[in-house]
Amino acid sequence: MTRYTGFQDTLFYEAGELTAPGTTTAVLTYENNYFSTKDYTLVATVTNINTEVVVRLDGSIDGTNYGPLISNCITKNGTYVYNMTGCPVKYVRGNFFSETGGTSAVVRLSFAAR
């Protein structure tokens, strides 16, 4: 888990590349008296796609149980930006949730919380 301290307005996190379905490091998006987020952006860059991949931004209140805040199916190589508002959670993580039609996709996930 990555932890930020000090006053923050927006958190940005570049999670790196995933070459198989899996999750990124969780990021703490709430710190008492410093910041609390409820708006999120997920940026997914996909290369070497065969048929489709599903990418998600997962949120959690307890840091153990995660559910999708954002979930999208991608069928072409490229960079995609998704966002959602009004859903406060304490932790977020990127998720290369699934891949169909092959095993060669590379997914780079980044996200922002405000």
Side-chain angles (χ1 to χ4, degrees):
M1 176 181 60
T2 300
R3 176 179 284 255
Y4 295 93
T5 58
F7 177 76
Q8 301 283 330
D9 179 47
T10 304
L11 303 175
F12 297 94
Y13 186 73
E14 293 186 34
E17 289 183 351
L18 296 170
T19 57
T23 60
T24 68
T25 300
V27 175
L28 179 67
T29 60
Y30 168 84
E31 186 70 36
N32 194 28
N33 297 324
Y34 288 112
F35 56 85
S36 177
T37 63
K38 63 180 178 172
D39 303 325
Y40 306 97
T41 299
L42 172 66
V43 179
T45 300
V46 180
T47 57
N48 298 326
I49 197 168
N50 289 307
T51 304
E52 70 179 31
V53 298
V54 175
V55 296
R56 296 188 346 192
L57 183 67
D58 294 339
S60 175
I61 292 175
D62 61 10
T64 300
N65 301 295
Y66 285 83
L69 297 171
I70 299 170
S71 183
N72 284 74
C73 179
I74 298 172
T75 59
K76 291 183 176 180
N77 290 326
T79 298
Y80 302 86
V81 179
Y82 309 102
N83 61 60
M84 64 94 50
T85 62
C87 187
V89 294
K90 197 170 181 180
Y91 304 90
V92 294
R93 68 182 184 191
N95 189 341
F96 174 2
F97 186 72
S98 66
E99 177 177 14
T100 58
T103 59
S104 60
V106 176
V107 177
R108 175 175 289 279
L109 297 173
S110 302
F111 45 89
R114 182 170 68 101

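In this text the structure is predicted, and so the values were computed from the model without any measurement. Numbering of residues begins at 1 and proceeds along the displayed sequence.
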Side chain of [X], backbone of [Y]: donor and acceptor closer than 3.5 Å?
X: Thr29; Y: Lys90; result: yes
X: Asn77; Y: Ile49; result: yes
X: Ser104; Y: Asn48; result: yes
X: Thr75; Y: Glu52; result: no
X: Glu99; Y: Pro21; result: no
X: Thr37; Y: Asp39; result: no

Among Thr64, Asp62, Asp58, which residue meets the side chain to side chain donor-acceptor pair (under 3.5 Å) test with Ser60?
Asp62

Would you say CD of Glu17 has more than 12 non-hydrogen atoms from neighbouring residues, nucleotides or ligands within 6.0 angstrom?
yes

Using a cut-off of 6.0 Å, state whether more than 12 heavy atoms not belonging to Tyr82 lie near its atom OH.
yes

Interatomic distance, Thr23 atom OG1 to Phe97 atom CZ [nearest 0.5 angstrom]
11.5 Å

With rounding to the nearest 0.5 Å, note down the distance linking CZ in Arg108 to CZ in Phe96.
13.5 Å

So, for Ala112 and Thr10, which heavy atoms are closest and what is the spacing to 0.1 Å?
CB-CG2, 4.4 Å

For Gly94 and Phe111 the tightest heavy-atom approach is N-CE2, 3.5 Å

Are any non-hydrogen side-chain atoms of Tyr80 and Ile74 less than 4.5 angstrom apart?
yes

Do Val53 and Leu18 belong to the same hydrophobic cluster, where Ile, Leu, Val, Met, Phe, Trp and Tyr are linked whenever their side-chain heavy atoms lie under 4.5 Å apart, directly or via other members?
yes

Would you kindly check if the NZ (Lys) or CZ (Arg) of Arg93 is within the cone defined by 45 degrees around the ring axis of Tyr66 and under 6.0 Å from the six-membered ring centre?
yes

Leu57, Val92, Leu109, Asn95 screened by side-chain contact (heavy atoms from CB on, under 4.5 Å) with Thr24, the one that passes
Leu109

